[in-house]
Structure formats: C-alpha cells, structure tokens
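What follows is a short report on a single structure.
Along the sequence shown, residues are numbered consecutively beginning with 1. No experiment lies behind these values; they were computed from the predicted model shown.
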Amino acid sequence: MLNEDDDRILYSKGNFHKKAAILSKSYLRRMEDLKRSNQFDIIFIFREALMTRSTYFEKAFSKSRAKLIYDFDDAIWMNDTSNANRMFRWMKNPSKISKSISYCNLIFAGNKYLSEYALQYNPNVVVIPTTIDTGEYVRVRTIRNLNRIVIGWSGSITTIKHFELAIPFLTEIKKKYGDLIQIKVIGDSNYRNKELGIVGIGWNKTDEVTELSEIDIGIMPLPDDPWARGKCGLKGLQYMALEIPTIMSPVGVNNEIIRDGENGFLASKMEDWIDKLSRLIDSEELRNEMGKMARQTVEAEFSVNSIKEHYLHWFKSLVD
C-alpha cells in the first residue's frame, strides 16, 4: 500500500525517476508477500497487486493455500488516467481487472453497478457498501468565523475535475450571498479560483477530520457517466458522518444514500443546486436537522459497526 508521499509523487507531473523507484519498491514488496502467502487464510486484493499490465501476482496468489478476496469500489475496468500520467496510460491495462477477478474466491463490490460487472467473470460476488468509522469521524469544534457559511468539497488531484462541475452554480451563489459564503476545496493544494476566492489545500490523514469539520455544507457533484456510476459515495458519507448537510448529484449509489429532503439533498440541474444550497444557507435549523439525520444514516447503514457482521460472515464462509 502506498504512503501519502508516494501517492503525491505518482499524481504529480514529472518525477519519472521517483515513480520508477516506487514501482520497483512495489514489485519487491509483492515478491515478499508471495513468499509468505501460504501463511495466511485470506488475502485481500484492492484494485491490483501491482500497478502494471501484469496479473502475475494475482495468479500466483491464487495457487497458494490462502483464499483470495477482491475488493473494489470504483469502475476500475475503465481507463481513467490522471493528466500527470497520460503518457503512461498504456501501463494500466484496465482490461486485466477481469482476469484478476476470475482468480479470486470471493468478490466484494461497493455497489450493484460494480457487482454487475464482476458477475461476468466470477459468480461469487457480494455487494458491501463503502463504510465509515464513525468513531473516528466525529466533528471537531474549531475556531472559525461564525459569520460565514463554508461550502466545502473534498477529493483528490484526480477528481478535482468533478469539483469544477460546481463552478457555475457556486458563482451564482457567490453573487447572491457575497462575503457570507466561503468555498473550501480539500485535495489539491495547487488549485486556485480567483473569482470564487478559492485556494486549495492538500489532503492528509492526520488533519482530515479537522479540515472537514470547518465545512457547513458539503457538496459532491458528479457527471452522469459510466465512471461516476461506479463511485460509492465515500466523500459524501464522510460529510454525513460529521453531521454536515450534504448535497450530491443523483448518480449511481448516491440515490441510495440520500433520501432527498430528509438526510440530505440530491441536485442535478443548476437551478436545483442553487435552490437547495440557498435553503441550507438561509436556515441554520435545517442544516442542523439534516446533519443529524445524515449521521444517523451513516451509523445505521454505512458504518463499520453496521457492516462488520457481513464481513465476518463471508470471512468465515471462506475459511470453513
């Protein structure tokens, strides 16, 4: 698994020598894993064992005494490559995902859309949604300007393009409310939008909850395309776990997470986004009520505690 520094290097432009070093380190780590694979009952594979075209390790692990579980929560069979790594697009070979799935004893898919894909290559597929550790995701009371409403988005360098879908309606909201509104972007420290006063901040695990806790309204705009339909709503669930009222595009599993007007809002057209953002901006009471309902939804349906028995059931079924 990559650490935060490796992740930043991989998704930045250039750094070819460092990227090659990360690939070499990953290969050596997998070789060590292969040597000790017979020591385990279950081996998890997330996305791929090695970030190249090869399925060598998946096939080799399948011949060990361990049972293999493939766990994925994105439409990773599609070639969605960051701008920084366009020239290496050929290395990803997303079609290898079907082979990886076929080698495994059990597949955990994050939603029905992903499950339908996996079932083409393996009959042993179980839908288990993305989960949140609600013990970790507890809102932090921070020192902040109480006269401002913070609209926030959290993502990564590779998903900043999804935030930009919000620019048109955020521009109208900024015109309507002026300095009452602050827009916060977490995930890309290089991102700037002078008109909206946005200076992006980088993501890191240590202060993620604190940074998210400064958000009054969380947004998750998505295009309605095959890649986005594979999304499992993680960022929206993080907002919701922190009692942040959340507005999502009605794409894929978002339609199952949000009960529109109750534990959050769904918005597709620009006027929907403007209307629902305005309702939350204008009413602190609505923000509080919707935030509490959002937290309850995560605790009941998308938390580690609510899902752990499902995992344990399937683990035991493999081992037994």
Just so I know, are the side chains of [X] and [Y] near enough to count as touching, which here means a heavy-atom distance under 4.5 Å?
X: Q238; Y: K235; result: yes
X: S37; Y: D33; result: no
X: F72; Y: I97; result: no
X: E299; Y: N305; result: no
X: I160; Y: V185; result: yes
X: V138; Y: R295; result: yes
X: F108; Y: F46; result: no

Atom [atom1] of [X]: over 12 foreign heavy atoms under 6.0 Å:
X: N38; atom1: CG; result: yes
X: E271; atom1: CD; result: yes
X: K174; atom1: NZ; result: yes
X: K176; atom1: NZ; result: yes
X: E136; atom1: CD; result: yes

Exercise for the section: Give the C-alpha distance, both sets of side-chain angles, the deciding distance and a yes or no for salt bridge (Lys or Arg N to Asp or Glu O under 4.0 Å) between E164 and K161. Expected result: CA-CA 5 Å; E164 294 193 324; K161 59 189 176 185; over 6 Å; no
* Examine Y177 and W153 and state if one hydrophobic cluster contains both, with Ile, Leu, Val, Met, Phe, Trp and Tyr joined whenever side-chain heavy atoms are less than 4.5 Å apart. =>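 Cluster IDs for Y177 and W153 match.
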* Please lay out, stage by stage, how D224 and R229 fare under the test salt bridge (Lys or Arg N to Asp or Glu O under 4.0 Å). => CA-CA 7 Å; D224 191 1; R229 287 174 210 139; 2.9 Å; yes
Quiz item: Between R29 and E32, does a salt bridge (Lys or Arg N to Asp or Glu O under 4.0 Å) hold up when you go through it step by step?
Solution: CA-CA 5 Å; R29 184 178 296 173; E32 290 300 316; over 6 Å; no
Could you state the interatomic distance from [atom1] ([X]) to [atom2] ([Y]), rounded to the nearest 0.5 Å?
X: L237; Y: L242; atom1: CG; atom2: CG; answer: 11.0 Å
X: I101; Y: Y117; atom1: CD1; atom2: OH; answer: 5.0 Å
X: I215; Y: I183; atom1: CD1; atom2: CD1; answer: 11.5 Å
X: E301; Y: I132; atom1: CD; atom2: CD1; answer: 13.0 Å
X: R279; Y: I217; atom1: CZ; atom2: CD1; answer: 12.0 Å

Subject >> Results of side chain to side chain donor-acceptor pair (under 3.5 Å) for D188 - residues two or more places apart only >> reply: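 Scan of D188 (side chain to side chain donor-acceptor pair (under 3.5 Å), adjacent residues dropped) gives none.
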| query | Any side-chain donor-acceptor pair under 3.5 Å between Y70 and N124? | reply | no
Which of V251, D272, I258, I257 passes side chain to side chain contact (heavy atoms under 4.5 Å, CB included) with L266? It is I258
The side chain to side chain contact (heavy atoms under 4.5 Å, CB included) partner of I181 among L277, I149, L196, D216 is I149
Query raised in the report: Can you check ring pair (Phe, Tyr, Trp, His ring centres under 6.0 Å) on F61 and F44, steps first, answer last?
Result: CA-CA 10 Å; F61 288 138; F44 260 84; over 10 Å; no
**Prompt:** E211 and salt bridge (charged side-chain N to carboxylate O under 4.0 Å, His left out): which partner among R139, K184, K205?
**Reply:**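 It is K184, the one option of R139, K184, K205 that forms the salt bridge (charged side-chain N to carboxylate O under 4.0 Å, His left out) with E211.
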Do the side chain of [X] and the main chain of [Y] share a donor and acceptor less than 3.5 angstrom apart?
X: W273; Y: A267; value: yes
X: K96; Y: S54; value: yes
X: D74; Y: I76; value: no
X: Y239; Y: A294; value: no
X: N122; Y: V125; value: no
X: R259; Y: E256; value: no
X: N263; Y: M293; value: no
X: S303; Y: S306; value: yes

- Task: Identify, with sequence neighbours excluded, every residue that meets ring pair (Phe, Tyr, Trp, His ring centres under 6.0 Å) alongside F40.
- Result: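 None.
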Checking D41 against R65 for the salt bridge (Lys or Arg N to Asp or Glu O under 4.0 Å) test, could you report, in this order, the C-alpha distance in whole Å, the side-chain angles of both residues, the deciding distance, and whether it holds?
CA-CA 7 Å; D41 295 312; R65 67 172 292 276; 3.3 Å; yes
